[in-house]
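Notes follow the structure.
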Amino acid sequence: MLYLKHAPEGIMASELKQSLISARVPKAKQFNVADVLAKAGALVKVEPGTRPNRWSLTTSGETHVADLLGLHAPQPEAINAADGLTALLGRIGDEVIEGYVEEALTCYQVDARRAAVVFLWSGAIRHLQQAALAYGTSVVNQAIQKHDQRSKPVSKIEDFSGVKDVTQLLAFREVGLLDKGEWQTLQEGLDLRNRCGHPTRYRPGAAKVAAFIEDIISIVF
């Protein structure tokens, strides 16, 4: 039934059965999926004009699935964060950054919070790098060297890979790209990114990740 929820144009009984088999559901090969769907009543519907029938869940069917799986309705802050990322995708204009944000949204929607944080940070720091280069490489390098003399000079965006993120944030503040409050908030975001990106047992709460997403969108983008 859950497969039907993620099939916006419906799914044929044969496709659903094959999905169950591929997922290695026990005894899936013996399932009479068509018969189960036909007897599901108000939980499912046939998409109009489809031959053979393509099935999808009704609203009551989605509620039934959520009850079976113990799923809970998303909190308002989670909905706002997802909506914010979706809206952001439509106005980035950079293929690389857009790719990171899109992956962050995908991860967030399936509750892969740590991955969402890591991907969104990658897109955000690249956006800041682009903005910093507009000040000129000599200005940027002077700011970087002030905070880390061991960092290599930057002449193009790829060169930032040799500069620590913490140093980059300090340099971005130095050139005037960030003010003190924004820098502090992004430093907190970097700390969260590092905890999420390293192999530990740490798993951030939904509210913390939603706040991270809101901060990144409002400050960086």
Side-chain angles (χ1 to χ4, degrees), residues 1-123 196-197 199 201-210 212-213 216-217:
M1 295 282 286
L2 185 60
Y3 284 92
L4 300 180
K5 181 177 176 62
H6 296 286
E9 299 178 356
I11 188 171
M12 293 187 295
S14 59
E15 293 174 333
L16 178 54
K17 182 173 183 177
Q18 186 56 53
S19 295
L20 295 172
I21 294 172
S22 298
R24 298 184 179 180
V25 174
K27 299 183 180 180
K29 291 183 178 180
Q30 301 174 25
F31 291 174
N32 188 338
V33 176
D35 183 62
V36 172
L37 292 173
K39 294 178 180 178
L43 301 179
V44 296
K45 62 182 179 180
V46 175
E47 293 299 320
T50 57
R51 293 290 186 276
N53 291 338
R54 300 189 73 86
W55 300 81
S56 61
L57 286 175
T58 60
T59 301
S60 59
E62 292 185 12
T63 301
H64 179 68
V65 169
D67 289 341
L68 286 175
L69 298 178
L71 301 177
H72 303 284
Q75 296 299 309
E77 60 267 23
I79 296 175
N80 291 338
D83 289 346
L85 289 174
T86 301
L88 178 60
L89 281 173
R91 56 185 177 86
I92 291 177
D94 180 275
E95 183 178 348
V96 176
I97 297 174
E98 185 174 293
Y100 280 121
V101 175
E102 187 172 13
E103 290 186 64
L105 174 59
T106 299
C107 292
Y108 187 67
Q109 289 174 328
V110 298
D111 205 32
R113 300 173 198 161
R114 288 176 293 189
V117 168
V118 172
F119 280 124
L120 184 56
W121 181 264
S122 296
C196 290
R201 295 181 179 178
Y202 176 73
R203 179 177 171 79
K208 192 173 191 66
V209 176
F212 169 82
I213 292 172
I216 291 296
I217 291 176

Worksheet entry | Qualifying side chain to side chain donor-acceptor pair (under 3.5 Å) pairs with a residue from residues 82-92, counting only residues at least two apart or across chains | none

Worksheet item: Are the side chain of K17 and the backbone N or O of K29 linked by a donor-acceptor pair below 3.5 Å?
Response: yes

Worksheet item: Are N53 and R51 side-chain neighbours, meaning at least one heavy-atom pair lies under 4.5 Å?
Response: yes

Which pairs of donor and acceptor atoms, one on a side chain in residues 99-108, lie under 3.5 Å apart (sequence neighbours left out)?
unit_1 : atom_1 : unit_2 : atom_2 : d
T106   : OG1    : E102   : O      : 3.0

Item to complete: Look at the side chain of T58 and the backbone N and O of A42, then say whether any donor-acceptor pair between them is shorter than 3.5 Å.
Response: yes

Fill in: Listed partners of E15 passing salt bridge (Lys or Arg N to Asp or Glu O under 4.0 Å), at least two apart
R54

Discussion item. Give me the atom names and distance for the closest heavy-atom approach of L120 to F212.
Written reply: CD2-CE2, 3.9 Å

Discussion item. Using the salt bridge (Lys or Arg N to Asp or Glu O under 4.0 Å) criterion, which residues pair with D94? Sequence neighbours excluded.
Written reply: none

Discussion item. Once side chain to side chain donor-acceptor pair (under 3.5 Å) is applied, what residue pairs with a partner in residues 112-123 remain, sequence neighbours excluded?
Written reply: D111-R113, W121-D165

Discussion item. To check you understand the geometry: which heavy-atom pair defines the closest contact between M12 and P52, and what is its length?
Written reply: SD-CG, 3.2 Å

Validation: residues 33-41 side-chain donor-acceptor distances under 3.5 Å, sequence neighbours left out:
unit_1 : atom_1 : unit_2 : atom_2 : d
D35    : OD2    : K39    : NZ     : 3.2

Worksheet item: Mind checking whether F31 and L20 have side chains closer than 4.5 Å, heavy atoms only?
Response: yes

